[in-house]
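To keep things clear, I will list the structure first and then write my remarks on it.
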Amino acid sequence: GWPTDEKSFHEGVLKAKPRLSLIAQEVGKVLLDIFNEYSALSKKLQALSKIFPSVIEDIDAQMQWLLPKDFLLTRPYEQIKHYPRYIMAASIRLEKLRKSPDRDLQCMQDVRKLQMRWVKAQAQLRGFEDESLKQFAWQLQELRVGLFAQELKTPMPVSVKRLEKAWQAIDCR
C-alpha cells in the first residue's frame, strides 16, 4: 500500500532504491532495441519508398502511432516492451513484400478495415479514453505481427476473425 506517514515513506524509499537501477537498465535495454530496430526499418523504408508507396505510407502511419514524441510518458511500459517486435515485424514485412505484394495488399486491407473502425470510434470520444478501445489498438498491433511476420509470434492468438469478434463486443456496448 501507499505510505501513510513520513516513516513509512522513507522505509518505502529504502526498499525501492536497489530496484531502481535494475528498472533503469531494463528500460534502457528496451529503448536501445527500439532505436536499433527503428534505425534498420528507416533504411528499408527509404529504399522502397518509390516502389511501394502505399505500404510505406501504412508503415509510417503505424510508426507515428507507436512512437509519438511523448510515447514514454503516454504508452504503458507493458506495451513498450513489445515495440522492438512490432518494428521488427514491419521490417520483415518489407523483406517479404517483393515476393508477395498481393498477399501484403490483402493483409493491409484487412488491417485497415479494422483500424478505420477504431479511428472513427476514437474520434467520437473527443479526447476521452476508453479501455476497450485501447486494448483493441494493441490487438491491431499484434494482428500486424501475426499477418506480416508470423515467425515473431504473438503473446495471444490473434486473427482478423478474432478482432472482428472483439470489435462486435465493443460496438454492442
Side-chain angles (χ1 to χ4, degrees), residues 1-4 12 16 19-20 23-24 26-38 41-42 45 52-94 103-173:
W2 290 101
T4 54
R19 294 191 334 234
L20 202 54
I23 293 168
E26 182 183 332
V27 171
K29 184 191 176 311
V30 170
L31 289 175
L32 182 61
D33 290 346
I34 291 169
F35 174 77
N36 288 335
E37 290 300 329
Y38 187 76
L41 175 64
S42 293
L45 288 170
F52 299 105
S54 64
V55 173
I56 303 308
E57 184 180 304
D58 182 56
I59 293 173
D60 276 341
Q62 178 190 11
M63 293 304 121
Q64 287 174 18
W65 185 82
L66 283 172
L67 301 166
K69 289 179 184 178
D70 59 352
F71 80 96
L72 280 175
L73 301 173
T74 59
R75 303 288 196 247
Y77 182 70
E78 286 305 310
Q79 292 305 135
I80 290 174
K81 291 190 305 190
H82 295 282
Y83 277 34
R85 187 170 48 86
Y86 297 154
I87 299 168
M88 191 182 306
S91 283
I92 290 171
R93 175 184 179 185
L94 291 175
R103 182 187 178 288
D104 186 278
L105 179 63
Q106 180 59 52
C107 292
M108 185 170 63
Q109 288 172 346
D110 290 342
V111 170
R112 275 194 180 154
K113 190 169 84 175
L114 290 162
Q115 191 170 326
M116 289 312 297
R117 292 178 188 168
W118 177 83
V119 167
K120 286 177 185 173
Q122 250 336 86
Q124 290 175 350
L125 290 177
R126 292 189 176 95
F128 291 100
E129 294 191 4
D130 180 296
E131 191 58 37
S132 58
L133 285 178
K134 280 184 188 178
Q135 291 308 312
F136 190 81
W138 295 117
Q139 288 176 327
L140 280 170
Q141 295 305 315
E142 293 299 339
L143 180 64
R144 287 175 171 277
V145 173
L147 291 175
F148 298 115
Q150 302 86 349
E151 58 270 32
L152 294 181
K153 310 277 189 233
T154 58
M156 78 287 252
V158 67
S159 67
V160 173
K161 274 188 180 182
R162 286 178 191 264
L163 265 72
E164 289 280 354
K165 204 176 237 185
W167 184 258
Q168 287 174 358
I170 292 170
D171 209 28
C172 290
R173 296 182 292 136

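Since we're looking at a predicted model, the values are computed, not measured.
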Gap separating the [atom1] atom of [X] from the [atom2] atom of [Y], nearest 0.5 angstrom:
X	Y	atom1	atom2	answer
Q141	F136	CD	CZ	11.5 Å
M63	D58	CE	CG	9.5 Å
S54	D104	OG	CG	8.0 Å
M88	L41	CE	CG	11.0 Å
I80	L67	CD1	CG	9.0 Å
I34	L66	CD1	CG	9.0 Å

Closest approach of [X] to [Y] (non-hydrogen atoms, all atoms of both residues):
X	Y	result
V30	K81	CG1-CA, 4.1 Å
S159	L143	C-CD1, 3.6 Å
S132	I170	O-CD1, 3.6 Å
D33	P84	CB-CG, 3.7 Å
L140	Q115	CD1-CA, 3.9 Å
F148	I92	O-CG2, 3.9 Å

**OP:** Determine whether more than 12 heavy atoms belonging to other residues, nucleotides or ligands lie under 6.0 Å from atom CD of E129.
**Re:**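 Atom CD in E129 is not packed in, count stays at 12 or less.
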Original post:
In this structure, are over 12 heavy atoms from other groups packed under 6.0 Å from Y38 atom OH?
Top reply: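 For Y38, atom OH is not crowded (no more than 12 foreign heavy atoms under 6.0 Å).
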Original post:
Going through the checks in order, is the side chain to side chain contact (heavy atoms under 4.5 Å, CB included) test met by R93 and V55?
Top reply: CA-CA 9 Å; R93 175 184 179 185; V55 173; 3.8 Å; yes
Original post:
Do the charged groups of E142 and R85 touch, with an N to O distance under 4.0 Å?
Top reply: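 Here E142 pairs with R85 in a salt bridge, since their nearest N and O are under 4.0 Å apart.
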A side-chain contact here means heavy atoms from C-beta on lying under 4.5 Å apart; do [X] and [Y] qualify?
X	Y	answer
L94	F52	no
P76	K134	no
E164	K161	no
Y86	Q79	yes

Subject >> Residues Q106 and D110: side-chain donor-acceptor under 3.5 angstrom >> reply: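 Side chains of Q106 and D110: pair found under 3.5 Å.
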Original post:
Do Q139 and Q135 meet the criterion of a side-chain donor-acceptor pair at a distance under 3.5 Å?
Top reply: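 Q139 vs Q135: no donor-acceptor pair found between side chains.
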Original post:
Y83 vs F71 aromatic rings, parallel, tilted or perpendicular, using cut-offs 30° and 60°?
Top reply: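 Rings of Y83 and F71: parallel, under 30°.
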Subject >> Side-chain (D130) to main-chain (L133) donor-acceptor, under 3.5 angstrom >> reply: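 Here the side-chain-to-backbone pair exists.
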**OP:** Run the numbers on R144 and Q62 for side chain to side chain contact (heavy atoms under 4.5 Å, CB included), then give the verdict.
**Re:** CA-CA 10 Å; R144 287 175 171 277; Q62 178 190 11; 3.2 Å; yes
